Each structure stands twice: as C-alpha cells, then as structure tokens.
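Below: one structure, written as structure tokens.
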Amino acid sequence: MGKEESPKTTRRTTRSSALATPSKKVVEETKASSSHPPTLSDLVLGEEGESFSADDLLSSFPGRRNQILELLRLLGPQNSPMFPVFVYGGTSTGKTSIVVETFRHLKRPLVYSSCLTCYNPRILFESVLNQLFLHRKNAANGYSSAKRCESPSDFVNFLRDALVIILGNTKGNSGKVTSKRSGKSNGNMIYLVFDNLERLRGWDKGSTILPLLFNLYDILEMPEVGLIFISSASPDTYYSNMGYVEPIPLYLPDYTQDDLQKIFMRNQANKKLYSSFLSVVLRPFCRITRRVDELSSVFSPLFTKYCEPITDLNVVPNKETNQRLYNFFRPHIAPALNETFKVSSQQSPEVEVKERKGKGGTRKSRDFEVEELDFHMPTSAKYLLIAAFLASRNPATLDSSLFDSTGGSNSRKRKRKLSDKSMEQKETAEQELLLNPGSFPMERLLAIFQCITSVGEGPLDEEEQEDGGLGIQDGNGGLMSDVLLQLSSLCSANFIVTGGSCPLEGSTRYRSTVSEDMALKVARSIKFPLSKYIYR
Amino acid sequence: MARENQAEKALCLLRSRLCDPNFAFKALSHSDDSNYSKLKFLVSSSITEACNNSILLLGPRGSGKIAVLELVLSDLLQEFPDMISVIRLSGLLHSSDNCAFKEIARQLCVEHQLVFSRMASFDDNSQFMIAMLRECGLAHKTIIFVLDEFDLFALGKQRLLYSLLDAMQSVTSQAVVIGVSSRLDADMLLDKRVRSRFSHRKLLFLPPAYEDIQRLLEHILLLPTDSSFPPDYAIAFNAKLQTILADERFKEIINTYLNLDSTVKHLLRYLFRAVSDMDLESGMLSLENFKTALSNIQRHPKLECIKDCSVLELYILVCMKRLEVKEQNSYNFNAVMKEYKSIHDSVKTADYFARNVCLRAFEHLLQRELIGFADNRGQNQSIEFSPVKLLISSHELHQGMKSYGSCPAILQQLMDRQK
C-alpha cells in the first residue's frame with residue numbers, strides 16, 4: 001500500500017499546482033470577497049507544492065501504521081464516495097492529528113470543526129458554513145459569520161447551497177484547466193470533519209443535533225460529501241431513541257509500551273542515554289497511565305534528574321555507566337510514581353494544567369502544597385479551616401457534647417463516651433464516609449471556631465507568642481472582622497465552598513472541601529489535637 | 001500500472017454503487033408484489049384519478065423506505081412531467097410547525113418560481129399552502145408531501161399534520177401525503193382529529209429474503225462487461241467473485257452478519273468496508289477482505305476500553321466490582337479507596353499508589369465512560385464524594401481482564417474470589 005501510494009501523491013501535487021489557486025486553508029478575506037468563487041482547492045491543507053508522502057505520514061505516527069492504512073483505504077482513491085466514518089479512541093491517542101495529517105498527505109479538501117470550540121449548534125453550523133464559503137471573520141465585516149444560521153433546517157439548506165456552489169466550481173474549473181487530462185477525474189469530494197463529538201451529548205439540544213449529524217449523509221443525499229466523526233467516547237455511548245445507520249467504526253487503541261518507547265525516542269538528542277532512561281522508567285509508569293501527554297510531562301523532569309551524575313550529556317553510555325546511573329536514580333522512582341499527576345509550583349503552568357478539570361484539579365494541587373510545607377496561611381485561618389472541617393464532618397447535634405464550655409479536659413471524657421457509642425454506630429460512620437461533607441451555617445462555624453481556639457490556647461502559648469498575637473484571643477469584636485475576612489479568603493481559595501442557601505433560614509450555608517489527611521496536617525502544624533474531635 | 005488504474009476504476013465504481021442506495025434497491029424492486037410496485041400503483045392512481053391520498057411507509061432504519069420512494073418519484077416525474085411537485089420535509093429538521101410551514105412555502109415558491117419572503121408569519125405561510133393546494137388542484141397538479149421521520153411531526157400539537165390532512169378533505173385539492181418512519185406505531189401517535197383524517201394505509205418494509213440478498217450481491221459487486229473495462233479484466237474479476245459468492249465460507253460470513261443486521265443499508269455498509277480493503281495490485285476481491293471486514297465492523301467497545309486501561313485503573317475497577325458484590329448500593333471514590341487499601345493490606349501488592357494518583361486514574365475511568373456518576377447531582381460536588389457506579393457488567397470486566405495482556409495474577413484472583 002505504502003509503495004503504490006507515492007506515485008499518486010506526486011500526481012496530486014501537480015494537479016493542485018495546475019489549478020494555480022492558493023491551496024492554503026485560510027484564504028484572506030480580500031480573495032473571498034473579490035468575486036473569487038470558492039473552490040475545493042482552497043480547502044486543501046498544507047502549502048502548495050509541498051509533498052507529504054505516505055511514508056512520511058506513517059513514520060510520523062509510530063505504532064499507528066494499521067490504523068492509518070485503514071483510514072486511507074476507507075477514504076479510498078480520489079473521487080470515490082464514502083460512508084461516514086467514526087474515528088474513536090482514548091485521549092491522546094492521535095485521533096485528530098492522524099485525520100488531519102492524512103488529509104494533508106492526500107491533498108483533499110477538508111472542513112474541520114470541533115465541538116469543543118464550537119460550543120453550541122449555531123456556532124458549529126456557522127463554522128462549517130464559513131469555511132465552505134471561504135468567509136473569514138474580520139473587522140471589515142464586524143466579525144460576523146457568512147450566514148446567520150440557527151436552526152438545523154437552515155443549516156441543511158445553506159450547506160446544500162454551499163456544496164453545490166463549491167462542487168460546481170470545481171467541475172467548471174477542472175473542465176477548463178485540466179482539459180488535457182479530461183479522462184482523469186479530479187478530486188471533487190469534500191470532507192466534513194466533526195471533532196470532539198462526545199461534547200455534543202452534553203449540549204442543551206444535543207438530543208436533536210446528534211441524530212442530525214449522524215443522519216446528515218442521508219439527508220444531504222450528496223455522494224460528494226464524506227463525513228468523518230472524531231470522538232473519544234465509543235460508539236455505544238451514543239444511543240438515542242431515534243436510531244441511525246451507524247457510521248463505520250475506526251478504532252485507535254491506546255499506545256502499548258513498545259509504541260510509547262518508539263514515541264519517546266523520537267527527537268531525542270542522545271538516543272542511547274534516553275533509551276537507557278526509558279528502560280528504567282517506562283515499565284513502572286505504564287502501570288499508572290499510558291497517556292503520552294501525561295507521561296511526557298512526568299519524564300522531562302525525571303530525565304534531568306537521571307542525567308545529574310554525568311557532566312557531558314552527549315556521552316554514549318556503556319553498561320557500567322548505565323548501572324551507575326540506575327543505582328543513583330533508583331530511589332527517585334518510587335516517590336516519583338506517587339507524584340505522577342502533581343503540579344509543582346516551579347513547573348511551567350502549561351505542563352499539565354490544561355488536562356485537569358474543575359474542582360478535582362484544584363484539590364490536588366492543594367494537597368501537594370501541604371506536603372511540601374510551602375503552605376503559608378495565618379494561624380487563625382488554620383483554625384478556621386479546622387473548624388470548617390469539623391463542622392462539615394460532625395453532626396450538629398454532637399457539638400454541645402464535643403465542645404463543652406469546661407474545655408479540653410472534659411472533652412476527653414466525652415470522647416470516651418462517644419467511642420462506646422461509636423461501636424454501635426459503625427454503620428452510620430460508614431455512611432458518613434460516603435456522604436458529602438455536610439453543610440453548615442456561619443454561626444455554627446464561628447461557634448466551633450471559638451471553642452477550638454480556646455482549647456488550643458492552653459498548651460500553645462509559646463507558639464501563639466511566636467506567631468505574634470494573631471488576634472484570636474483578642475476581644476470578640478476584633479476577632480469577628482478578622483475571621484470574616486479569613487473566611488472569605490478561604491472561600492475564594494476553594495477550601496470552603498458556599499453551598500445553596502437554606503430555604504428556611506435564607507442564610508448562606510458553607511461546606512468544607514478539605515480531605516481528612518489535609519485537615520490532620522494542618523492541625524499538626526498548629527499542634528491541635530484534631531483526632532479527638534472527629535466523630536466516628 | 002495500467003492494471004492498477006483498472007483496479008482503481010473498478011474500486012471507484014463499486015464504492016459509488018454502494019453509496020447510492022437507489023442503485024441497490026433497483027435490483028429488489030422488480031417483482032410485482034414488491035413495495036415499489038405497490039407504492040407506485042397507489043401514487044400514480046391518485047395522480048391519474050385526481051384524488052387525495054395518504055400512506056405511511058414503516059420499517060426499521062436502513063430498510064430502504066426513502067430509497068424506494070425516491071425510485072417511485074423519479075419514475076413518476078418522468079411519466080407525468082408537469083403534473084407533480086414534490087415537497088420534502090424531514091422531522092429532524094422541521095419538527096416545529098412554524099419551521100415546517102416555512103419550509104413548505106419555500107419549496108412551493110421554488111417550484112413555482114414565486115418570490116419567497118423569509119419574513120412571512122406562520123399564518124401567512126399556512127394560508128399560502130392552503131391556497132396553493134387549491135390552485136394546484138384546479139390545475140390538476142398533484143402535490144406530493146414526503147414527511148421523513150414522520151413520528152417527530154407527531155410530537156407537538158400536530159398542527160402541520162392536521163392542516164395538511166384537513167385540506168385534503170376538500171374536493172378541490174389534490175395531494176398525496178407520504179409519511180416515512182422507523183417507528184412501527186407511528187400512526188398510533190396521532191391525535192384523534194388527525195387520525196380520523198388519515199387513510200391508514202401502511203406499507204411495511206421487511207428485511208430482504210436470502211435469495212434477494214444473493215441477487216443483490218451479484219447486482220452490486222459484478223463489474224459490467226461492456227466497454228467500460230477491458231473485457232479480460234472484467235471477466236477475470238467476475239469469475240473470481242462468482243467463486244467467492246458460491247463459497248460456503250463466504251455464505252457463513254454473510255449469514256453471521258445478517259444475523260446481526262439484516263437491513264439492506266447495513267449490508268451495504270458491510271460490503272463497503274469489505275470492498276475498500278480490495279487489493280489494488282491484483283485488482284481482485286478476496287474472501288479475506290470479507291473476513292476482515294466482519295471483524296472490523298463488529299467491535300466490542302467496552303472490551304477495547306478495558307484493554308486500554310492501565311493496571312492501576314484495573315485495580316480501581318476490581319475494587320468497585322467488589323463493592324458491588326458486597327451489595328453496597330451507593331459508593332464513591334472514598335469508599336473505593338478504602339477497598340483498595342484493604343486489598344493492599346490483605347495481599348501486599350506492588351501496585352499501591354498514593355491517593356491523588358488513584359484519583360487521577362479514577363478520572364480517567366470517568367472519561368473512558370467505564371464508570372459514571374450514579375446521579376446527575378454529582379456534577380457540582382467534588383469527584384471524591386459523588387456516588388458512582390460501574391457502567392460495565394461483571395461479565396464484561398471478566399472478559400476484558402482475560403484478554404488483557406499483562407494483567408496481574410492477583411487481580412484475577414481477587415475477581416474470582418468474589419464470585
């Protein structure tokens with residue numbers, strides 16, 4: 001297959017240069033507006049005359065040979081219609097890049113739109129139409145789209161118009177320009193690619209847009225249109241009660257360990273050294289994740305650590321040096337495994353931040369900060385954090401028994417009593433673990449805060465002095481304003497989240513998001529006996 | 001090179017045949033009691049007798065309802081050139097009444113060279129349609145309304161269906177409404193006032209018989225022996241194909257496929273997959289093509305997903321499985337971690353990772369959709385606390401772990417011990 005692909009490629013290149021139109025995907029507005037009718041060659045990726053052979057394509061994606069060949073076969077020879085294709089596979093398996101690069105190789109027109117950037121139906125429709133009309137938003141047209149298109153029916157009408165114009169032009173063009181080669185058909189297929197299709201399921205109108213896209217091929221009834229869907233979710237997760245003739249599946253599995261070896265060996269200055277490094281780290285890390293993006297961000301700092309003992313980075317390692325490096329490096333592996341997904345503050349932010357999502361992300365970075373002891377926070381804020389944790393964890397009815405006005409000595413007794421009780425309430429404790437952290441009103445938080453600061457005061461006198469009088473034991477009025485300030489900064493740091501307001505009281509309720517480990521650590525840092533107060 | 005060109009040309013021909021459903025159904029439409037003949041008789045008689053009519057075409061998706069209809073319409077357009085205008089609507093696009101009337105008005109305007117106003121109101125459009133129906137009736141012109149995805153038109157107040165069918169009650173109008181739906185109970189969805197105006201004619205589209213499929217295969221895959229291909233190539237190709245078609249193994253493959261999907265459209269999809277694998281050097285189809293196409297088109301997405309998991313992710317899956325066996329009806333990440341820790345305590349494994357690493361693996365599983373949140377409320381809580389559930393059966397997990405290359409033996413044992 002690869003062998004016979006190369007002569008065809010050169011032929012295609014000559015064709016696109018014979019058409020003598022710019023084969024850049026993005027065409028300047030002047031061209032589009034200056035009565036230059038859209039032609040297919042404007043939608044071809046890559047520079048004019050650039051040749052990107054099948055071998056280049058295959059070699060730029062190690063471990064993807066079969067899938068690329070299959071995609072090429074499904075796309076077929078020039079000018080042949082195709083059934084819709086559904087490309088799917090996990091994150092960072094090269095779905096999008098393989099499709100796009102394949103089209104760069106084939107030099108066929110491609111309209112690419114991603115449901116990630118086009119986040120609602122209107123933007124998606126207009127993005128497709130803009131590309132087909134070779135329309136580009138700029139200041140002159142007020143950043144407006146070529147057509148205003150909101151409903152699916154408008155979209156299909158406009159799409160049909162645009163395709164007829166664009167396909168009609170090529171037929172005319174090919175008749176004129178390449179009349180010498182009239183027997184040979186020019187590529188008059190146009191391919192629409194919809195990326196990140198899994199996003200579409202979450203849209204408001206997803207249940208109507210999804211069947212529309214899957215049935216688009218049948219609705220358009222134009223054999224010149226090829227549809228390619230790219231999704232990270234497998235086809236079986238797209239069930240709808242509408243039903244549709246399923247597109248042809250093309251699966252990209254996650255990279256195996258051997259594939260990963262090949263991928264990481266690309267573009268390495270000192271291949272020998274790096275391969276010895278990989279032989280040490282790849283196996284253990286593959287047990288955690290096989291995603292290229294995550295592994296590469298872990299490996300880059302590890303490799304510098306690996307190289308520390310040697311001065312000359314260009315050295316060709318022999319067996320002996322490898323052994324030496326390994327012995328030096330071995331103690332670093334196990335801790336590194338457990339820090340696989342962490343972001344340290346020194347690292348550049350783009351390394352992994354893009355991968356994380358929402359609350360999970362912020363939580364993890366926080367945990368990390370605590371462990372590394374670069375966690376700066378006023379003592380009163382720490383107390384407040386603990387108070388919030390306790391308020392979330394403990395049932396409100398137990399507050400009075402836990403925080404008795406007589407102080408710490410008595411509470412120990414209470415604790416013993418509680419532990420008797422906890423034997424029979426073990427099941428409820430288990431439930432507790434499952435449940436969300438409970439929400440609490442601010443009054444309760446402040447009450448607990450006052451209790452625990454009064455408990456903590458006794459043994460912590462020196463430290464309080466050291467911290468320079470934090471205003472905790474100051475008068476009540478001073479404390480309140482300070483604490484409220486701390487509370488709002490804790491909220492903005494996402495340690496405490498404001499939940500929904502209570503329908504009866506109308507006041508805002510809070511909820512602590514810190515994990516038990518972290519609360520214990522904070523407590524340890526201010527020598528507060530937290531474990532006594534956690535109800536189990 | 002010449003040979004390769006021939007092969008490429010043949011491949012193009014086969015692919016364009018497969019992608020054109022009308023071509024496939026032409027082969028099936030010639031017998032007298034086919035849906036094609038019935039539909040054609042019905043529509044042409046209502047044209048010649050100048051009467052109103054309505055009919056539903058029902059059948060599973062991909063059984064060729066629209067393709068047969070298109071064949072009929074193109075035949076009729078040739079037979080009665082100036083007496084028909086066809087209005088095509090799709091429930092996917094025009095399910096709202098407003099939109100549907102607008103589209104009808106637009107298509108009528110295009111058909112009769114009138115100026116269509118985008119600003120026309122719902123009322124204007126519906127009155128325009130009624131007026132056009134009357135005018136066309138007076139001119140002995142039949143309007144054929146094709147309503148694809150008919151069931152979607154029956155979702156709302158059914159004003160479109162009512163006004164269409166109601167207009168057809170008058171003597172002056174002359175129209176045929178053809179509903180196409182993959183819901184077999186589509187006519188039961190209609191309101192009483194609509195149902196009473198509907199003719200209750202239904203045509204059922206069934207999967208083709210085995211002899212028909214045999215005929216279809218030959219019709220699609222054999223190359224024409226006229227001048228378009230060099231005769232020796234076409235003859236060699238056809239001979240090779242005939243031996244394949246007669247082969248018992250091939251029949252077995254086709255039967256396996258038809259047991260899953262017996263509609264014509266799915267068969268075409270399968271053939272497309274097989275044909276696109278054709279070896280361009282020899283220019284012949286082989287039995288191997290059909291075999292690989294079968295395995296390529298029948299995928300097991302969940303098993304593939306499990307194969308893609310890392311060992312840590314498998315551990316989490318097994319933990320969740322064990323929790324489910326313990327009949328914990330609701331559990332979250334914290335509970336899974338507890339189980340994970342207890343596994344580690346009882347059998348010392350090498351794969352014991354920190355909590356945040358596990359949380360990340362847990363997020364990966366969520367992304368792979370092997371596990372999911374048990375309720376929708378989970379979105380605004382942090383991931384550790386929202387209850388989750390397995391989206392794969394224990395059988396699938398078992399199968400997946402068996403086919404997993406380097407699955408730790410201890411995991412298999414942990415799975416089995418629970419059984």
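So you know, we letter chains A, B, ... as the sequences are listed, proteins then strands, and number each from 1. Source: prediction; values computed, not measured. All values below were derived from every heavy atom in this structure, side-chain atoms included, with hydrogens, water molecules and symmetry-related copies excluded.
Side-chain atoms of A:Ser80 never come within 3.5 Å of backbone atoms of A:Gly76 as a donor-acceptor pair (strictly under, hydrogens ignored). The backbone N or O of A:Lys205 lies less than 3.5 Å from a partner atom in the side chain of A:Thr208, making a donor-acceptor pair.
Proximity to chain A involves both the backbone and the side chain of B:Asn296, based on heavy atoms less than 4.5 angstrom apart. With a 4.5 Å cut-off on non-hydrogen atoms, B:Leu11 touches chain A through its side chain but not through its backbone. Heavy-atom distances place the side chain of B:Pro408, and not its backbone, under 4.5 Å from chain A. At a 4.5 Å heavy-atom cutoff, the contact between B:Arg368 and chain A is made by side-chain atoms alone. For B:Leu152, the part lying under 4.5 angstrom from a heavy atom of chain A is the side chain only. Looking at B:Arg118, the atoms closer than 4.5 Å to chain A (heavy atoms on both sides) all sit in the side chain, from C-beta outward. For B:Lys9, no part sits under 4.5 Å from any heavy atom of chain A, backbone or side chain. Heavy atoms closer than 4.5 Å to chain B are found in the side chain of A:Tyr88, but not in its backbone. For B:Ile66, the part lying near chain A is the side chain, with the backbone staying farther off; criterion is any non-hydrogen pair under 4.5 Å. For A:Glu246, the parts lying near chain B are the backbone and the side chain together; criterion is any non-hydrogen pair under 4.5 Å. For a residue to count as touching a neighbouring chain, one of its non-hydrogen atoms must lie under 4.5 Å from one of that chain's; by this rule B:Cys99 touches chain A with the side chain only. With a threshold of 4.5 angstrom between heavy atoms, A:Tyr255 does not approach chain B through any atom at all. Contact annotation for B:Glu304: both backbone and side-chain heavy atoms come within less than 4.5 Å of a heavy atom of chain A. Proximity to chain A (any heavy atom under 4.5 Å) is shown, for B:Asp20, by neither the backbone nor the side chain. Only the side chain of B:Arg106 comes within less than 4.5 Å of a heavy atom in chain A; its backbone stays farther off.
For the options A:Pro284, A:Ser234, A:Pro249, A:Pro235, heavy-atom pairs under 4.5 Å to chain B are most numerous at A:Pro249. Contact count against chain A (heavy-atom pairs under 4.5 Å) is highest for B:Leu93 among B:Leu89, B:Leu93, B:Val275. The most heavy-atom pairs under 4.5 Å with chain B, out of A:Pro253, A:Pro223, A:Pro84, come from A:Pro253. Each of A:Ile219, A:Asn157, A:Leu212, A:Thr93 has some count of heavy-atom pairs under 4.5 Å with chain B, and the biggest count is that of A:Asn157.
Partner of B:Phe362 under the ring pair (Phe, Tyr, Trp, His ring centres under 6.0 Å) criterion, chosen from B:Phe353, B:Phe373, B:Phe333: B:Phe333.
At a cut-off of 3.5 Å, with distance as the only test, a side-chain donor of B:Asp308 or A:Tyr251 sits close to an acceptor on the other residue. In the model, B:Asp151 has a side-chain atom that pairs as donor or acceptor with a side-chain atom of B:Ser181 under 3.5 Å.
Inter-residue side-chain proximity for B:Arg88 and B:Leu73 is flagged as met; some heavy-atom pair is nearer than 4.5 Å.
Aromatic rings of A:Phe86 and A:Tyr238 (six-membered ring for Trp) have centroids within the 6.0 Å cut-off, being under it.
Using a 4.0 Å cut-off between a side-chain N of Lys or Arg and a carboxylate O of Asp or Glu, B:Glu8 and B:Arg15 do not qualify as a salt bridge. Looking at B:Arg273 and A:Glu70, a side-chain N of the basic residue comes within less than 4.0 Å of a carboxylate O on the acidic one, giving a salt bridge. Contact check on B:Glu339 versus B:Lys326 returns a salt bridge, with a Lys/Arg side-chain nitrogen under 4.0 Å from an Asp/Glu carboxylate oxygen. Taking a cutoff of 4.0 Å between a charged side-chain nitrogen and a carboxylate oxygen, A:Asp218 and B:Lys265 qualify as a salt bridge.
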| said: B:Glu369 vs A:Arg201, test: salt bridge (Lys or Arg N to Asp or Glu O under 4.0 Å). Steps then yes/no. | reply: CA-CA 13 Å; B:Glu369 304 192 23; A:Arg201 291 172 301 171; 2.6 Å; yes

